[in-house]
Participant: 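Input: one structure, supplied below.
No hydrogens, no waters, no symmetry mates; every other heavy atom, side chains included, goes into these values.
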Amino acid sequence: LTISSALEAGGVSAALLPRRLRSAAARVGLSDIAARMDRAVTAGPAGVLDAMLEALAGTGAVIVVDEIQHAKPAALSLLTRLASQLESGQRLLLLGRTAPAGLEPLRRDSAVAWLGAADLAMTAEEVAALCQVGFGLTVSGAETARLRSVTDGWTAAVVLAAARAQLVKDRAYSGSP
């Protein structure tokens with residue numbers, strides 16, 4: 001069971017965060033959870049999230065919040081609170097370009113895993129394998145190192161560069177401009 005929402009660039013307040021998660025639940029057919037959250041509106045944002053967790057009680061679930069860097073401080077406090085109330089088998093996955101300072105309490109939690117840009121970057125071996133297996137390109141060690149360096153190992157950038165190299169190679173073989 002997954003409930004997933006992305007936060008808007010304009011900033012998401014504590015009042016708006018539960019509404020985003022409520023809409024996400026409804027989008028994936030969890031109308032019973034959405035209805036329970038609606039009934040809890042008078043209890044405030046924390047009450048709405050409590051209602052969501054009550055509805056999810058005993059259920060394995062992943063709650064995904066993307067673009068976390070757009071959450072305002074009070075919304076971050078709500079997410080920290082939510083994380084502390086999850087049951088076994090329930091997870092809160094927070095994604096973003098940066099980890100806002102309001103998430104510091106979670107950094108001290110031994111049950112929390114933090115992945116940064118370096119953790120997600122492809123190794124030189126992975127870059128070479130992607131080029132060869134995914135695009136039929138044979139790249140030297142120096143070319144692999146350069147590609148990894150200019151893309152910082154980001155998968156999407158490596159894929160775009162390899163696709164471009166494959167296109168150039170295919171045009172060279174076909175004699176096309």
Side-chain angles (χ1 to χ4, degrees), residues 1-123 126-127 130 148 150-161 163:
L1 177 72
T2 302
I3 299 171
S4 179
S5 182
L7 305 183
E8 300 87 12
V12 174
S13 66
L16 192 54
L17 176 65
R19 286 189 243 162
R20 291 293 174 261
L21 291 172
R22 182 251 173 251
S23 295
R27 266 195 320 276
V28 294
L30 302 172
S31 56
D32 54 330
I33 293 173
R36 200 165 188 173
M37 292 172 79
D38 286 341
R39 289 191 297 273
V41 166
T42 58
V48 174
L49 293 182
D50 289 346
M52 178 181 70
L53 288 178
E54 288 169 14
L56 292 170
T59 304
V62 178
I63 301 165
V64 180
V65 181
D66 196 2
E67 301 291 350
I68 193 67
Q69 71 275 6
H70 298 308
K72 292 185 177 178
L76 294 172
S77 293
L78 276 178
L79 288 168
T80 301
R81 181 179 177 274
L82 178 67
S84 72
Q85 295 176 321
L86 296 173
E87 293 181 357
S88 176
Q90 296 177 340
R91 302 288 181 264
L92 175 61
L93 179 59
L94 304 176
L95 306 167
R97 290 176 182 84
T98 59
L103 294 177
E104 285 306 316
L106 293 179
R107 284 195 185 273
R108 295 184 291 276
D109 186 336
S110 63
V112 174
W114 288 91
L115 299 176
D119 301 307
L120 300 175
M122 296 177 75
T123 65
E126 291 168 330
V127 169
L130 178 67
R148 187 183 185 293
V150 300
T151 63
D152 287 329
W154 280 100
T155 304
V158 174
V159 166
L160 289 171

Participant: So how far is it from Leu94 CG to Leu106 CG, rounded to the nearest 0.5 Å?
Facilitator: 7.0 Å
Participant: Quick check for you: to the nearest 0.5 Å, what is the distance between Leu1 atom CG and Leu30 atom CG?
Facilitator: 5.0 Å
Participant: For residues Val64 and Val62, determine if any side-chain heavy atom of one lies less than 4.5 Å from a side-chain heavy atom of the other.
Facilitator: yes
Participant: Distance-only check: which donor-acceptor pairs under 3.5 Å involve side-chain atoms of residues 46-59, not counting sequence neighbours?
Facilitator:
residue, atom, partner, partner atom, Å
Asp50, OD1, Arg81, NH1, 2.9
Asp50, OD1, Arg81, NH2, 3.2
Asp50, OD2, Arg81, NH2, 3.0
Thr59, OG1, Leu56, O, 3.4

Participant: State, with a plain yes or no, whether a side-chain heavy atom of Thr155 is found less than 4.5 Å away from one of Val158.
Facilitator: no
Participant: Should Val65 and Leu93 be marked as a side chain to side chain contact (heavy atoms under 4.5 Å, CB included) after you check the CA-CA gap, both sets of side-chain angles, and the distance that decides it?
Facilitator: CA-CA 6 Å; Val65 181; Leu93 179 59; over 6 Å; no
Participant: Is the backbone of Glu87 close enough, under 3.5 Å, to the side chain of Gln90 for a donor and an acceptor to pair up by distance?
Facilitator: yes
Participant: Would you be so kind as to tabulate the donor-acceptor pairs closer than 3.5 Å made by side chains of residues 7-18, with sequence neighbours excluded?
Facilitator:
residue, atom, partner, partner atom, Å
Glu8, OE1, Arg20, NE, 3.4
Glu8, OE2, Arg20, NE, 2.6
Glu8, OE2, Arg20, NH2, 3.2
Ser13, OG, Ala15, N, 3.4
Ser13, OG, Leu16, N, 3.2

Participant: Between the main-chain N or O of Val127 and the side-chain N or O of Arg148, is there a donor-acceptor pair closer than 3.5 Å?
Facilitator: no
Participant: Ignoring hydrogens and angles, write down the donor-acceptor pairs under 3.5 Å from the side chains of residues 95-104, residues two or more places apart or on other chains.
Facilitator:
residue, atom, partner, partner atom, Å
Arg97, NH1, Glu67, OE1, 2.5
Arg97, NH1, Glu67, OE2, 3.3
Glu104, OE2, Arg107, NE, 3.3

Participant: Under the rule for side chain to side chain contact (heavy atoms under 4.5 Å, CB included), what residues qualify as partners of Ala157, not counting sequence neighbours?
Facilitator: Thr151, Trp154
Participant: Please round to the nearest 0.5 Å and tell me the distance separating atom CG of Leu76 and atom CD of Gln69.
Facilitator: 10.5 Å
Participant: Taking only distance into account, with no hydrogens and no angle test, what donor-acceptor pairs under 3.5 Å do side-chain atoms of residues 32-41 form with protein atoms, sequence neighbours excluded?
Facilitator:
residue, atom, partner, partner atom, Å
Asp38, OD1, Arg22, NE, 2.8
Asp38, OD2, Arg22, NE, 3.3
Asp38, OD2, Arg22, NH2, 3.1

Participant: Restricting to side chain to side chain contact (heavy atoms under 4.5 Å, CB included), what partner residues turn up for Ala24, sequence neighbours left out?
Facilitator: Ile3, Ser5, Arg27
Participant: Looking only at non-hydrogen atoms, find the nearest pair between Met122 and Glu126 and report the distance.
Facilitator: CA-OE1, 3.1 Å
